[in-house]
> 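Just dropping this structure here.
Both ligands and their constituent atoms are indexed starting at 1 by order of listing. In this text, all values refer to a predicted model and were calculated from it rather than measured experimentally.
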Amino acid sequence: MRKIVLYIAASLDGYIARPNGDTSWLEEEKYTLEGEDFGYSDFLKSIDTTLMGHSTYQVILAFGTPFPYAGKKNYVFSRTSHLDTEHVKFIQKDVVSFVQQLKQQQGQNIWLIGGSQINTLLHNAGLIDEVLLTYIPVILGSGIPRLAPRRGH
Ligand SMILES: NC(=O)c1ccc[n+]([C@@H]2O[C@H](COP(=O)([O-])OP(=O)(O)OC[C@H]3O[C@@H](n4cnc5c(N)ncnc54)[C@H](OP(=O)(O)O)[C@@H]3O)[C@@H](O)[C@H]2O)c1
């Protein structure tokens with residue numbers, strides 16, 4: 001069966017974005033090496049589908065660049081209805097059973113892009129098969145965690 005792979009970058013203290021959603025710390029030049037993509041292009045070839053929450057999708061749109069996952073099947077989860085676009089299909093209802101069905105279909109692996117809410121939902125449903133986590137050597141102190149703690153814990 002195809003796998004769901006959470007491929008994500010986090011700060012050393014486990015945040016995927018600052019409290020306001022800012023992720024510019026991921027792109028700082030001091031954390032890049034010319035000619036080195038740290039396995040990203042190979043990973044991209046191994047997947048044919050992406051999953052993301054609406055907030056993550058909005059952050060990607062705000063970059064103002066061409067949609068980065070054109071050519072893949074891209075699903076965006078939202079509780080409200082939106083028109084599908086050339087690149088993405090919105091999924092409004094029953095995310096967990098949608099993803100369970102997706103896993104049963106033929107295809108390459110599925111990239112769970114994030115963010116925290118969707119990671120947590122799919123983790124709690126036991127649907128994440130692999131985690132590829134890149135730590136960026138920065139401490140943010142606060143922000144949006146990779147996974148949200150369960151209520152009461
Ligand atoms: N560091 C990294 O590699 C990385 C990777 C991914 C994301 N991020 C960052 O993570 C941040 C976003 O994370 P987040 O946790 O705030 O948001 P998110 O998980 O990306 O999206 C949350 C949204 O998903 C929808 N949603 C949540 N539960 C749902 C359900 N049960 N059914 C249907 N829709 C549901 C809701 O959309 P509606 O409000 O439309 O209903 C909700 O507001 C952004 O700043 C992004 O840049 C970082």
Side-chain angles (χ1 to χ4, degrees), residues 3-33 36-44 46-47 49-70 72-85 87-103 109-153:
K3 291 182 198 165
I4 298 202
V5 184
L6 172 61
Y7 178 95
I8 201 159
S11 65
L12 282 183
D13 49 351
Y15 296 107
I16 59 171
R18 290 191 187 277
N20 64 359
D22 171 53
T23 53
S24 55
W25 50 278
L26 289 171
E27 311 296 337
E28 283 186 34
E29 211 177 307
K30 62 185 173 190
Y31 304 132
T32 61
L33 274 179
E36 175 61 70
D37 74 355
F38 303 102
Y40 178 71
S41 54
D42 285 342
F43 174 73
L44 211 53
S46 74
I47 62 107
T49 302
T50 76
L51 308 176
M52 70 193 97
H54 193 202
S55 304
T56 294
Y57 177 62
Q58 286 172 310
V59 168
I60 291 170
L61 287 189
F63 292 153
T65 53
F67 187 70
Y69 316 116
K72 310 288 183 190
K73 283 185 188 159
N74 303 292
Y75 297 104
V76 176
F77 302 119
S78 173
R79 292 191 180 88
T80 50
S81 69
H82 306 271
L83 289 178
D84 294 344
T85 74
H87 297 301
V88 312
K89 186 169 167 47
F90 285 90
I91 304 298
Q92 216 181 323
K93 279 191 264 171
D94 209 347
V95 168
V96 167
S97 62
F98 172 82
V99 174
Q100 280 165 339
Q101 283 169 29
L102 203 58
K103 279 187 81 169
N109 286 346
I110 299 165
W111 178 8
L112 170 58
I113 294 181
S116 182
Q117 287 185 37
I118 296 305
N119 296 344
T120 304
L121 185 70
L122 297 185
H123 169 76
N124 289 345
L127 284 170
I128 301 180
D129 299 294
E130 261 180 43
V131 178
L132 288 172
L133 174 61
T134 301
Y135 278 112
I136 306 297
V138 61
I139 294 176
L140 297 181
S142 61
I144 299 175
R146 287 186 311 262
L147 292 168
R150 285 175 193 254
R151 280 205 191 106
H153 286 232

> Could you verify whether a donor N or O on one side chain and an acceptor N or O on the other, from Thr80 and His82, lie under 3.5 Å apart?
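There is such a pair (donor and acceptor under 3.5 Å, judged by atom type) between the side chains of Thr80 and His82.
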> Is the backbone N or O of Ile139 less than 3.5 Å from a side-chain atom of Ser11, with the two atoms forming a donor-acceptor pair by type?
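Not a single qualifying donor-acceptor pair exists.
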> Regarding Ser116 and Asn119, is there a side-chain donor-to-acceptor distance under 3.5 Å anywhere?
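No, no side-chain donor-acceptor pair sits under 3.5 Å.
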> Please name all residues satisfying ring pair (Phe, Tyr, Trp, His ring centres under 6.0 Å) with Phe38, sequence neighbours left out, ordered by chain then number.
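By the ring pair (Phe, Tyr, Trp, His ring centres under 6.0 Å) rule, Phe38 matches no residue at all.
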> What donor-acceptor contacts under 3.5 angstrom involve side-chain atoms of residues 57-69, with partners at least two apart or in another chain?
none

> Let me know which protein residues bring a heavy atom to under 4.0 Å of ligand 1; chain then number is fine for ordering.
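Residues Ile8, Ala9, Ile16, Ala17, Gly21, Thr23, Leu26, Gly53, His54, Ser55, Thr56, Val59, Phe77, Ser78, Arg79, Thr80, Gln92, Val95, Ile113, Gly114, Gly115, Ser116, Gln117, Ile118, Leu121, Ile144 each place a heavy atom under 4.0 Å from ligand 1, listed by chain and number.
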> Kindly write out the residues that satisfy side chain to side chain donor-acceptor pair (under 3.5 Å) with Asn109, not counting sequence neighbours, or none if the list is empty.
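For Asn109, no residue satisfies side chain to side chain donor-acceptor pair (under 3.5 Å) once neighbours in sequence are set aside.
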